[in-house]
Number of protein chains: 2
Amino acid sequence: MTSMAPEERIGSHVKRAEQALLAAKNAACKPAAVTVPQYAALLWLAEKPGISAAALARLCGVTPPTMNTVLKNLQERGFIERTPHEWHRNVLETRLTDAGRAAMELADAGAVRVERALAAAFTEEERQLLIELLGRCAEALDAER
Amino acid sequence: MTSMAPEERIGSHVKRAEQALLAAKNAACKPAAVTVPQYAALLWLAEKPGISAAALARLCGVTPPTMNTVLKNLQERGFIERTPHEWHRNVLETRLTDAGRAAMELADAGAVRVERALAAAFTEEERQLLIELLGRCAEALDAER
DNA sequence: TTGCATGCATTAGAGCTCTAACATACATTC
DNA sequence: GAATGTATGTTAGAGCTCTAATGCATGCAA
């Protein structure tokens with residue numbers, strides 16, 4: 001019996017929380033007709049106009065091909081526009097359109113509501129403690145690779 | 001400025017921990033040539049032979065179509081076999097093959113190693129506290145929907 | 001018996017995610 | 001100037017994930 005009960009596995013609980021988070025944010029983004037990854041990209045784009053797709057991928061914590069997929073869908077919807085960079089011809093500058101900004105703001109309202117509800121489940125001390133413990137999780141797991 | 005800084009969002013940290021967890025488990029499952037969802041299904045199948053796909057989906061926390069995809073890939077690899085139920089003709093009983101059990105055990109060794117490394121980053125008190133806080137996260141988020 | 005409810009399985013379609021590989025463009029160094 | 005290195009962008013392929021819809025089987029109730 002080298003195995004481990006699911007209840008004892010910290011990973012199980014992390015996964016469960018993440019699933020609930022994704023479901024809640026998905027519902028919150030639904031009125032804006034965007035997915036959670038799309039919302040994340042739009043949010044960063046509002047803050048850093050003209051950013052490259054690779055840099056945006058790093059901010060969102062995904063790989064460049066993944067961001068490429070997300071941006072392609074956003075472009076088809078007319079939420080972003082991509083223009084060649086003046087000097088670095090290989091770089092595409094990505095910017096929000098007016099429709100993209102509107103969608104971002106609508107989705108953001110829902111996302112912030114979810115975050116506030118989540119934060120309300122904890123005292124300020126607990127919140128900071130949770131963040132600290134989660135940080136240690138990521139650290140330990142990254143070191144394991 | 002109704003927005004919220006990413007650092008203040010608990011969700012950001014949950015997501016980051018989950019991503020690190022997935023990456024670590026993925027690497028741990030690589031020697032067995034299975035993905036993390038495949039490993040999860042194999043693990044439950046070892047414990048509950050003959051379970052239905054829908055029940056397995058509930059245990060793994062995914063939808064039936066998702067589990068269908070995972071099982072299809074496992075079946076193509078010869079890791080599981082599915083036979084019609086004696087009475088309920090519409091139900092397929094799923095069981096591990098010998099190769100499936102071997103793959104599960106190999107992947108489980110890696111997964112348990114990851115979990116132990118993760119647990120080692122905390123004291124017993126911290127571990128229980130983290131689990132408790134994560135549980136409250138899931139609870140608050142589920143209530144939000 | 002007929003109808004309804006429940007549950008399982010599956011398909012279709014959209015979208016995200018990764019690794020691997022390749023092509024391009026700029027920057028630095030020899 | 002040429003080679004190397006770094007960064008970006010893209011394509012290909014595999015796999016996971018969801019919602020929505022459909023078909024089938026079983027069991028219960030009118």
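Order of the sequence lines fixes the chain letters, A, B, ..., with proteins taken first and strands second; residue numbering starts at 1 for each chain. Hydrogens, waters and symmetry mates are skipped; everything else that's a heavy atom, side chains included, is used.
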Using a cut-off of strictly less than 4.0 Å, decide whether [X] has a side-chain nitrogen or oxygen near OP1 or OP2 of [N].
{"X": "N26(B)", "N": "dC18(C)", "value": "no"}
{"X": "T35(A)", "N": "dC16(C)", "value": "yes"}
{"X": "R77(B)", "N": "dA14(D)", "value": "no"}

>> What's S52(B) touching, base or sugar-phosphate or nothing? Going by heavy atoms closer than 4.0 Å.
In response: sugar-phosphate
- Message: Considering every strand and a 4.0 Å limit on heavy-atom distances, what is the contact class for N68(B): base, sugar-phosphate, or nothing?
- Response: base
Is the closest basic N to carboxylate O distance between R9(B) and D108(A) below 4.0 Å?
-> yes
Assess whether a salt bridge exists between E76(A) and K72(A), defined as any Lys/Arg side-chain N lying under 4.0 Å from an Asp/Glu carboxylate O. no
When you get a sec, tell me which of [options] is the closest nucleotide to the side chain of [X]?
{"X": "A53(B)", "options": "dC16(C), dA9(C), dT19(D)", "result": "dA9(C)"}
{"X": "A54(A)", "options": "dT8(D), dC8(C), dC16(D)", "result": "dT8(D)"}
{"X": "N73(B)", "options": "dC16(D), dC16(C), dT10(D)", "result": "dC16(D)"}
{"X": "P65(B)", "options": "dT8(D), dA12(C), dC16(D)", "result": "dA12(C)"}
{"X": "R82(B)", "options": "dG9(D), dT19(D), dT10(C)", "result": "dT10(C)"}

Quick check on E124(B): does its CD atom have over 12 non-hydrogen neighbours (other residues, nucleotides or ligands) under 6.0 Å away?
yes
Heavy-atom nearest nucleotide on DNA chain D taken for T69(B) and for K30(A); more 5' hit belongs to T69(B)
Margin query: Are V114(A) and L133(B) linked, directly or through intermediate hydrophobic residues, by side-chain heavy-atom contacts shorter than 4.5 Å (ILVMFWY only)?
Written below: yes
